[in-house]
2 protein chains.
Amino acid sequence: MKIGDLARATGLTVDTLRYYEDIGLLPPSQRDRSGHRIYGAESLRWLEFVGRLKATGMGIADMVRYAQLRAKGPSTNGERRRLMEAHRAKVALKIAELSENLGKLDEKIAWYRAEESATDIAEAAE
Amino acid sequence: MKIGDLARATGLTVDTLRYYEDIGLLPPSQRDRSGHRIYGAESLRWLEFVGRLKATGMGIADMVRYAQLRAKGPSTNGERRRLMEAHRAKVALKIAELSENLGKLDEKIAWYRAEESATDIAEAAE
DNA sequence: GCTTGACCTGGAGTGCACTCCAGGGGGTAA
DNA sequence: TTACCCCCTGGAGTGCACTCCAGGTCAAGC
């Protein structure tokens, strides 16, 4: 799989993939004899995982830290688990915050609806 | 209330408040005779609302749009309600996405725990 | 009367996460 | 063989949301 294929498969751009490699978020890939990057299925799986971390609000620096531990092998499992647990707690908090704010938004929308009804009635009475 | 008081009350910085005024997110305030900004309780309430929009991922440009409609008065109620409804839908989607990813994180954590248990057992057998 | 602290303005600088560009090479299809 | 598309590198540029700074005014406390 060449970089363009991986880009299509992940929804990222070719530029983003090269950027991820630069900063150490994507391990340096194999190259074919003309210097083009070649990727396997494991790159796709890793980027899907990275996408989930990103979707849950993890910053690049933290993801790179995780990637570095992963590159060191199974001896870092404990530390990686602790990172995931800490991140899980943040995500749970974020969900709680969003849910609370969703309630406030609903109140606001209900208020607007009530205002509009009041206006409609006032207009109907004219 | 002076700008420093409002900053303390909202948790924003003085710089951020002046920036919000510059871009039209905070209506221009009254000034005292030496040119210092003076705010009332309604500024605090507005900024709390803005904070909720921000916490739910609304960008500055959209918040400014909403602020402009608000400044135009009740005739824009319908449009403001529609903006809130559109935003509510995005927030609900975001919550669903986060919840799904929380599940995946839990699976990952469970996997690490299982690996660690396996390692413990192997070590105990040595 | 002088220092201190909060405030003012306009503009430059920061951090993040990309995104784009110039200048060049390689493989294949008409 | 020429046109086209994808790939390469190093480096500059972008958009967002602030954040900081220089140089200055003003009111209050010691």
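In the text below, chain A, chain B and the rest are named by the order of the sequence lines, each starting its count at 1. The analysis underlying the following values was restricted to heavy atoms, covering all of them including side chains, and did not include hydrogens, waters or symmetry mates.
Rounded to whole Å, the distance from CG on A:Leu26 to C1' on C:dA17 is 16 Å. Between B:Asp22 atom CG and D:dA17 atom P the separation is 15 Å, expressed in whole Å. B:Leu25 has its CG atom 14 Å from the P atom of D:dC16, to the nearest Å. B:Arg31 places its CZ atom 14 Å from the C1' atom of C:dA6, with the value rounded to the nearest Å. Put simply, CD on A:Gln30 is 14 Å from P on D:dC8, counting in whole angstrom units. Here the C1' atom of nucleotide D:dC6 and the CG atom of A:Leu17 are 14 Å apart, to the nearest Å. The nearest whole Å value for the distance from the CG atom in B:Asp32 to the C1' atom in C:dC8 is 11 Å. At whole-Å resolution of the value, CG in A:Asp5 and C1' in D:dC7 are 12 Å apart.
With hydrogens and angles left out, the side-chain atoms of A:Arg80 and A:Tyr66 include no donor and acceptor closer than 3.5 Å. Using modelled atom types, one finds a donor on one side chain and an acceptor on the other under 3.5 Å when comparing A:Asp32 with A:Ser34.
Residue contacts for A:Ile23: at a heavy-atom cut-off of 4.0 Å it reaches no nucleic acid atom on any strand shown.
For A:Arg37 and D:dC7, the shortest distance from a side-chain N or O to OP1 or OP2 is not below 4.0 Å. Side-chain N/O atoms of B:Tyr20 include one lying less than 4.0 angstrom from OP1 or OP2 on D:dC18. Proximity of A:Arg8 to the phosphate of D:dC6: no side-chain N or O atom is located under 4.0 Å from OP1 or OP2.
Other residues, nucleotides and ligands place more than 12 heavy atoms under 6.0 Å from the CD atom of A:Glu42.
Counting all heavy atoms, side chain and backbone alike, B:Ala92 lies closest to A:Leu102 at N-CD1, 4.0 Å.
Less than 4.0 Å separates DNA chain C from no heavy atom of any residue of residues 40-68 of chain B.
Checking side-chain atoms of A:Asn101 against main-chain N and O of A:Leu98 turns up no donor-acceptor pair under 3.5 Å.
B:Arg88 is linked by a salt bridge (charged side-chain N to carboxylate O under 4.0 Å, His left out) to A:Asp106, counting only residues two or more places apart in sequence or in another chain.
Judged by the 6.0 Å distance and 45° axis criteria, B:Arg81 is not positioned over the aromatic ring of A:Trp111. Cation-pi geometry between A:Lys104 and B:Phe49 is not met: the NZ or CZ atom fails to fall both under 6.0 Å from the ring centre and inside 45° of the normal.
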What protein N or O atoms touch nucleotides 19-27 of chain D N or O atoms at under 3.5 angstrom, if any, and at what distances?
none

Dump the intermediate steps for salt bridge (charged side-chain N to carboxylate O under 4.0 Å, His left out) on B:Arg8 and B:Asp5, then the final yes or no. CA-CA 5 Å; B:Arg8 270 180 293 279; B:Asp5 302 317; 3.2 Å; yes
